[in-house]
Amino acid sequence: MAKANTNRALMFGYRSYVVAFFIFLAAPLVAAGSFAFNDSLFPALPWQGFTLDWFFNDTEPKLGMFHDRRLLRGLYYSFVIALMVSALSVAVGTTNAFLFVRRDFPFKNVFYIMMIVPLVIPGVILGISILVLASNIANSMENRFELELEFLRPGLFLVVMGQFSFITTITSLVITARLRKFDQSLEEAALNLGAGHARVLRTITLPFLRPAMIAAGIVAFLVSFENFNTTLFLVGSESPLTITMYDRMAKVGSTPVLNAVSFFLMVGSGMLALISVAVQRPPRSD
Amino acid sequence: MSADAKRLSLILLFAPFALWISLLIILPHIGMVALSLREKVAPRVYEFGFGNYIDFINEPIYWNTLLRTGSMSLLVTVLALLIGFPVAYYIAKIAGKRSRGALFLMCLIPLWVSDLIRAFGWILLLRETGVVSSVLIWSGMTTEGIEFLYNDVTVVVGLVYTVILFMIVPLVSTLDGMGDDMIEAGYNLGGNTLTVLRRIIIPYAMPGIVAGCIVVFMLTAGSYLTPILLGGKNSSWFTEQIYDQFITRFNWESGAAFGILLLAFTSFVVWLGLRLSGQSLANTVAKT
C-alpha cells in the first residue's frame with residue numbers, strides 16, 4: 001500500500017514535470033503571439049485592451065503588417081524562395097531515393113554518408129562557403145572574359161542554392177524511408193501485365209510516394225521560410241522575411257508589428273505542419 | 001531493361017546527386033580551405049601561407065571564443081538530453097495512445113517557428129520591461145525592474161529551448177520501437193527502476209541519444225541568432241566572429257579560416273562522440 005502511494009506520488013511528480021516542460025515550450029510563443037493584440041505602442045505589459053491595428057491599421061505610428069510595404073515584400077520573397085527550394089529539393093530528393101534504394105553501385109555507403117553530411121554542417125559555414133565559391137567564379141569570369149554573371153552575386157539565386165544545399169538531405173531521407181517500404185512485386189505485376197516502365201512509374205510507384213513527397217515538400221518549405229543562418233550571408237537586396245524582421249528588431253527595436261508577423265507565421269506554419277502530418281498518416285481503413 | 005539502358009538510367013539518377021554534392025558542398029569547402037590559406041601581402045597581392053591560422057592562435061580573444069562556444073554547446077547538449085529524455089520517455093511509453101500523438105505534435109509545433117520568433121518571445125518575457133519583471137513588481141517581490149537578458153544563463157536557457165526538440169524527436173522515435181516486454185522482463189528478473197533504466201532503456205535508446213546529441217551540438221555551435229539576441233553585444237559566440245570578419249571587416253581570408261576551424265572543431269567533437277558511443281552517422285542521424 002505504501003509502495004503504491006509512493007508510486008502514485010512519483011507519477012504525479014513526473015506528470016507535473018512534463019506539464020511544466022510544455023509550459024516552458026509554450027511561454028515565449030504565447031508572449032510573441034499575444035502582444036500582437038495589445039493596444040499599445042510597445043510589446044509589454046500592462047495590457048491596454050484588444051486591437052487588430054497591428055494587422056490592419058494603415059497609418060503610422062501603428063502601421064499594421066498588411067500595410068507595411070517592407071514586411072510584405074519580405075513575406076513575398078520568403079514565399080518565392082521557399083517554393084523554389086521545396087520544388088527543387090523534392091525533385092532531387094526523389095531521384096536520390098531511387099538511386100539509394102533501387103540501385104547498387106561502388107562506394108554506395110560512402111555516397112550515402114555524403115548525402116547526410118550537409119545536415120550536420122553549421123548553416124553559417126554552408127552560407128560562407130557557397131558565397132566564396134560563387135564570388136570566386138564571378139570575379140574570375142569578370143577579369144578574364146569581362147563577363148558579368150549577376151546571378152552569382154548575393155541575391156535570390158544564391159539564397160535558393162544555399163538553402164537547397166542542406167534541405168535536400170531532409171527531403172531525401174523522408175522520401176527514401178517511404179520508398180524502402182514499397183512492395184516491388186506491385187511493379188513486377190504491372191510489368192507482367194504489359195505496362196511500360198514509364199507507365200508503371202507514373203501510375204504505381206509515384207502515387208505510392210506522393211504522401212512522402214508532399215510531406216517532404218512542406219517540411220522543405222517551412223525550413224526554408226524560417227532559415228536565417230545560411231541566408232544571412234547570401235542575401236542581396238531581396239531580403240526574405242526573417243532578415244527583414246531581424247533588421248527591424250536591430251534598428252527600430254521591438255514593436256508590436258513584429259508580434260503580428262510572429263502570430264501570422266505561427267498560425268501559417270502550424271497549419272502547414274498539421275497538413276503534412278495528416279498527409280503522411282495512413283487512411284483509417286487499414 | 002537492357003544493360004545499356006540500365007547504365008544510362010543509373011547515370012541519370014546519379015547526376016542530380018553528384019551535381020548537388022559536388023557543386024554545393026565539396027567545391028565550396030575546397031574553395032574555403034584555399035581562401036583560408038591565402039595571405040594578403042599587399043593590396044591585390046596574395047601569397048600562400050598559414051598566416052590566418054597563426055593570427056587565430058596568437059589572438060587569445062579568437063580561440064577563447066571558440067573554446068567558449070564549444071564548451072557552452074556541450075553544456076547545452078547535456079542539459080537538452082537531461083531535460084528532454086524524461087519528456088520523450090513519457091511521450092513514447094507512458095502517455096495513452098490518444099494523448100501520445102497530440103503530445104508529440106505539441107513538441108513539433110515550436111519546431112516550425114523560426115529561431116527569430118522564439119528569441120523574440122524570450123526577449124519580451126525576460127527584458128527589464130518584460131513580462132516576468134512586470135509580474136515580479138506587481139506581486140511586490142521587487143520594486144524595480146530586473147534585467148534577465150544579456151547573461152550566460154539566459155543564453156544557455158534560450159539555446160536549450162531552441163534545440164531541445166531536435167533531441168526529443170529522435171528519442172521518441174527510438175523509444176517507440178522498444179517493446180514494453182523488455183522493460184517488464186527487466187523488472188521480473190529483479191531489477192529496480194535504476195537498473196532497468198541503465199541496463200535496458202538507455203542502451204536501447206543509444207542511437208536516438210547519439211543522433212539527438214549530434215544534431216543539437218551542431219545546431220548550437222552553429223547558431224547565430226539566439227546567442228546574439230539573448231546575450232547581447234558581449235555574447236562572444238564564434239559564428240559572430242565569422243560574421244564580423246566576413247561582413248563588417250571584409251576580411252574573407254580570415255573569415256574562411258575561422259569557418260574551417262569551426263567546422264573542424266565541431267566535426268572532431270561529433271567524431272569523438274560517435275567513437276565513444278560506438279555508433280555511426282548512418283544509423284543515428286539518418287534514421288531520424
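To find a chain, count down the sequence lines: A is the first, B the second, and so on, and within it residues start at 1.
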Chain A contact via B:I30 - side chain, backbone, both or neither, heavy atoms under 4.5 Å: neither

Quick one: which of B:L35, B:L225, B:I21 has the most heavy-atom pairs under 4.5 Å with chain A, could you say? B:L225

Does any part of the side chain of B:I83, heavy atoms only, come nearer than 4.5 Å to the side chain of A:Y17, both counted from C-beta? yes

Heavy-atom distance under 4.5 Å between the side chains of A:P122 and B:T239, does that happen here? no

For the residue pair B:G121 and A:A32, what are the closest heavy atoms and their distance? CA-CB, 4.0 Å

Contacting region of B:L263 [heavy-atom separation from chain A under 4.5 Å]: both

With a 4.5 Å limit on heavy-atom distance, are the side chains of A:V120 and B:V270 in contact? no

For atom CE of A:M271, is the number of surrounding heavy atoms from other residues, nucleotides or ligands below 6.0 Å larger than 12? no

Given the options B:A15, B:S223, B:S267, B:P86, which has more heavy-atom pairs under 4.5 Å with chain A than any of the others? B:P86

Side chain from CB out, backbone as N, CA, C, O: work out which of these in B:I123 comes under 4.5 Å of a heavy atom of chain A, or both, or neither. side chain

Here's a test for you: under ring-ring contact (aromatic ring centres under 6.0 Å, His included), which of A:F107, A:F100, A:F111 qualifies with B:F14? A:F111

Heavy-atom proximity to chain A below 4.5 Å, by part of B:L126: neither

Against chain B, work out which of A:T94, A:V117, A:L99 has the most heavy-atom pairs shorter than 4.5 Å and name it. A:L99

Please, which pairs that meet salt bridge (charged side-chain N to carboxylate O under 4.0 Å, His left out) have at least one residue in residues 115-137 of chain A, sequence neighbours excluded? none

Where does B:Y89 contact chain A at under 4.5 Å (heavy atoms): side chain, backbone, both or neither? both

Which residues satisfy the ring-ring contact (aromatic ring centres under 6.0 Å, His included) test with A:Y14, sequence neighbours excluded? B:Y90

Structural part of B:L219 lying under 4.5 Å from a heavy atom of chain A: neither

For A:M161 and B:L24, work out which heavy atoms get closest and say how close. O-CD1, 3.8 Å

Shortest non-hydrogen contact from B:M32 toward A:I125: CE-CG2, 3.6 Å

Identify which part of B:I117 has an atom lying under 4.5 Å from any heavy atom of chain A, answering side chain, backbone, both or neither. both

Taking 4.5 Å as the heavy-atom cut-off, does anything in residues 247-258 of chain B contact chain A, and if so which residues? B:I247, B:W252, B:G255

I'd like to check A:M249 versus B:L229 (side-chain heavy atoms, cut-off strictly below 4.5 Å). Are they in contact? yes

Options A:L232, A:L265, A:V261, ranked by heavy-atom pairs under 4.5 Å with chain B, top entry: A:L232

Calculate, to the nearest 0.5 Å, the distance between atoms OG1 and CD1 belonging to B:T266 and A:I121 respectively. 9.0 Å

Kindly check if the number of other-residue, nucleotide or ligand heavy atoms within 6.0 Å of CZ (B:R7) is above 12? no

Looking at B:Y243, B:Y224, B:Y161, which one has more heavy-atom pairs under 4.5 Å with chain A than the rest? B:Y161

Step by step, work out the side-chain contact (heavy atoms from CB on, under 4.5 Å) result for A:I128 and B:F246. CA-CA 8 Å; A:I128 57 174; B:F246 254 85; 3.8 Å; yes

At a heavy-atom separation under 4.5 Å, does A:L272 approach chain B through its side chain, its backbone, both, or neither? neither

What part of A:N227 gets within 4.5 angstrom of chain B, counting heavy atoms only: side chain, backbone, both, or neither? neither

A:L25, part contacting chain B, at a heavy-atom distance under 4.5 Å: both

Select, from B:L165, B:I94, B:L116, the one with the greatest count of heavy-atom pairs under 4.5 Å involving chain A. B:L116

Go through B:L103, B:I91, B:D115 and name the one with the most non-hydrogen pairs under 4.5 angstrom from chain A. B:L103

Any donor and acceptor pair, going by atom type alone, linking the side chain of A:N136 with main-chain N or O of B:G31 inside 3.5 Å? no

Restricting to non-hydrogen atoms, name the atom on B:S114 and the atom on A:T242 that form the minimum distance, rounded to 0.1 Å. OG-CG2, 3.9 Å

Return the minimal non-hydrogen interatomic distance between A:Y246 and B:I228, and the atom names on each side. OH-CG2, 3.8 Å

Interface moiety of A:F22 toward chain B, non-hydrogen atoms closer than 4.5 Å: side chain

Given side-chain contact (heavy atoms from CB on, under 4.5 Å), test B:V157 with A:F24 step by step and report yes or no. CA-CA 10 Å; B:V157 170; A:F24 168 69; 4.1 Å; yes

Tabulate below the donor-acceptor pairs under 3.5 Å that side-chain atoms of residues 167-177 of chain A make, not counting sequence neighbours, or state none.
{"from": "A:T168", "atom 1": "OG1", "to": "A:F164", "atom 2": "O", "distance (Å)": "2.7"}
{"from": "A:T169", "atom 1": "OG1", "to": "A:M115", "atom 2": "O", "distance (Å)": "2.9"}
{"from": "A:T171", "atom 1": "OG1", "to": "A:S89", "atom 2": "O", "distance (Å)": "2.8"}
{"from": "A:T171", "atom 1": "OG1", "to": "A:T168", "atom 2": "O", "distance (Å)": "3.0"}
{"from": "A:S172", "atom 1": "OG", "to": "A:N96", "atom 2": "ND2", "distance (Å)": "3.1"}
{"from": "A:S172", "atom 1": "OG", "to": "A:T168", "atom 2": "O", "distance (Å)": "2.7"}
{"from": "A:T176", "atom 1": "OG1", "to": "A:S172", "atom 2": "O", "distance (Å)": "2.5"}

What part of A:F228 gets within 4.5 angstrom of chain B, counting heavy atoms only: side chain, backbone, both, or neither? side chain

If I measure from the heavy atoms of chain A, does B:L10 come under 4.5 Å with its side chain, its backbone, both, or neither? both

Closest non-hydrogen atoms of B:L124 and A:A31, given as atom of the first, atom of the second and distance, are CD1-O, 3.8 Å

Evaluate the side-chain proximity of B:H29 to A:V132: yes if any heavy-atom separation is below 4.5 Å, no if none is. no

Distance from A:S262 atom OG to B:F120 atom CZ, nearest 0.5 Å? 5.5 Å

Picking from A:V223, A:V92, A:N229, which has the most non-hydrogen pairs under 4.5 angstrom with chain B? A:N229

Could you walk me through whether A:E226 and B:V113 pass the side-chain contact (heavy atoms from CB on, under 4.5 Å) test, one step at a time? CA-CA 7 Å; A:E226 69 173 56; B:V113 180; 5.6 Å; no

At a 4.5 Å cut-off on heavy atoms, which part of B:I164 comes close to chain A: side chain, backbone, both, or neither? side chain

Is B:S9 close to A:F98 at the side-chain level, that is, under 4.5 Å between some pair of heavy atoms? no

Name the member of B:V33, B:V87, B:I25 that forms the most heavy-atom pairs with chain A at distances under 4.5 Å. B:V87

Closest-packed option against chain B by number of heavy-atom pairs under 4.5 Å, given A:V124, A:L274, A:L126: A:V124

